[in-house]
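A short write-up of the structure that comes next.
Here is the naming used below: chain letters follow the sequence lines, and residue numbers restart at 1 for every chain.
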Number of protein chains: 2
Amino acid sequence: MAKPEKRDEIVRAALELIAEHGFHGAPMAMIADRAGVGAGTIYRYFENKDLLITELYREVEGRSFPAIMEGYVPEAPVRERFLHLSTALLRYFINNSLEFRFVEQFHNSPYGVEFRRERLLGKMEDRFVYRELFESGVAQGVVKDFPLPVLFALALGPILAVARDHILGFIALDDVLITRTIEACWDAVRR
Amino acid sequence: MAKPEKRDEIVRAALELIAEHGFHGAPMAMIADRAGVGAGTIYRYFENKDLLITELYREVEGRSFPAIMEGYVPEAPVRERFLHLSTALLRYFINNSLEFRFVEQFHNSPYGVEFRRERLLGKMEDRFVYRELFESGVAQGVVKDFPLPVLFALALGPILAVARDHILGFIALDDVLITRTIEACWDAVRR
DNA sequence: ATAAGCGGAATGAACGTTCATTCTGTTTAT
DNA sequence: ATAAACAGAATGAACGTTCATTCCGCTTAT
């Protein structure tokens, strides 16, 4: 008897509450409440809170990858591929602000410690694409010869920052501004 | 009876614990312990934990400003001033990793909500210097004509990211790499 | 066709733990 | 001698988790 309905409600409620109020503002009782479910029910689907949250993280992370890769042409020039990936990533963040804010919370929390390592080592799927892109860019001499973490920082640091600013309402990113911002990031990494 | 000695021990202990283990890993009893002080004593110096932490934040923030401004020449060209400020900032972060990690924790916590707004509006002292620098850079046509938050993102996003990577041990920033990284940030903002 | 029986899903009150804060008795400075 | 400073035990609120009980849909017996 497959009844994933309640499980999904729990995951959705957790995502919303954590994105909106942080981990402090999302006790299990409140998650249960918003999911329309008894407190104990959560434990039929998740062993404990840690596993609920890491599971949620995995789901959220998995959703972003297809969105970013849509229309990606592996044979295109490095610059074009960079612009495509980065634009898609930024667009995904501002169109899915709940996911974005949750992931940010997650990374700056005790839950995220173990994932930090994987992340920087490029274990993540989308990181892997970026990694390959940068490596071939460096090999072709069109990208500055930096260690990978520096290239990630130059490319992704500003993206995360402007996404945050947009979601918090400090800037209004439209198509033109997005394009120009991503091109500025390219200026940082291109030789 | 002026005895700022205990107060300073409390502040120092709080900084260390929060930087190393996050807010979850820094209960009042533990702070008291590391400060060599009774739990109740903290409350003779700070009304409650929130005020202890916001006070600590203010102190930490205040310390960075002089370090960044040392040797700053307001009459120098925009590019030089940018390189000076950014290099000093990055150097400060990696030489004061406790402070850096604490500030990062702070900004991604309930305590930091109110400060977010001030920060992005440039209320902070060092932000103010950057703001003036960008404005005159745009006016002179040497800096891309972006809204200020985007310029901040392009300049500071990568700095925070590489500082984090360095402190976590994923890269080893030496003088050469620091200089090159900051120059890459300049490439992002310069016209 | 109906009702009794059955198993797992669901529930929420209760429990134990953790933590910030307060209280109380003691030490220390004047 | 007095009052402020101090340490650490006591307190109560909040939280994650557990568990005895209820609920619900399906099977089986009549």
[X] has an atom [atom1]; how far is it from atom [atom2] of [N], in whole Å?
| X | N | atom1 | atom2 | answer |
| --- | --- | --- | --- | --- |
| A/I53 | D/dC15 | CD1 | P | 14 Å |
| B/K49 | C/dT18 | NZ | P | 15 Å |
| B/H24 | C/dA20 | NE2 | P | 11 Å |
| B/I31 | D/dG8 | CD1 | P | 16 Å |
| A/E5 | D/dG25 | CD | C1' | 15 Å |
| B/M30 | D/dA7 | CE | P | 18 Å |
| B/D33 | C/dT18 | CG | P | 16 Å |
| A/E47 | D/dG16 | CD | P | 16 Å |

Short side-chain N/O contact to D/dC6 OP1/OP2 from B/K6, under 4.0 Å: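 Yes, within the criterion.
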Please confirm whether the shortest side-chain N or O distance from A/Y45 to OP1 or OP2 of C/dA10 is below 4.0 Å.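 Affirmative; the distance criterion is met.
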What nucleotide among [options] has an atom nearest to a side-chain atom of [X]?
| X | options | value |
| --- | --- | --- |
| A/M28 | C/dT22, D/dG16, C/dG12 | D/dG16 |
| B/P27 | C/dA20, D/dA7, D/dC15 | C/dA20 |
| B/Y43 | D/dT18, D/dC6, C/dT22 | C/dT22 |
| A/R44 | C/dA10, D/dC6, D/dG16 | C/dA10 |

Taking only Lys NZ, Arg NE, NH1 and NH2, and the carboxylate oxygens of Asp or Glu, determine whether [X] and [Y] approach each other closer than 4.0 Å.
| X | Y | answer |
| --- | --- | --- |
| A/E59 | A/R7 | yes |
| A/D175 | A/R91 | yes |
| A/D187 | B/R190 | no |

So, do B/F146 and B/F134 have ring centers that fall under 6.0 Å from each other?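 Centroid separation for B/F146 and B/F134: 6.0 Å or greater.
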Step-by-step side chain to side chain donor-acceptor pair (under 3.5 Å) determination, A/Y57 to A/E61: CA-CA 6 Å; A/Y57 178 74; A/E61 209 176 41; 2.9 Å; yes
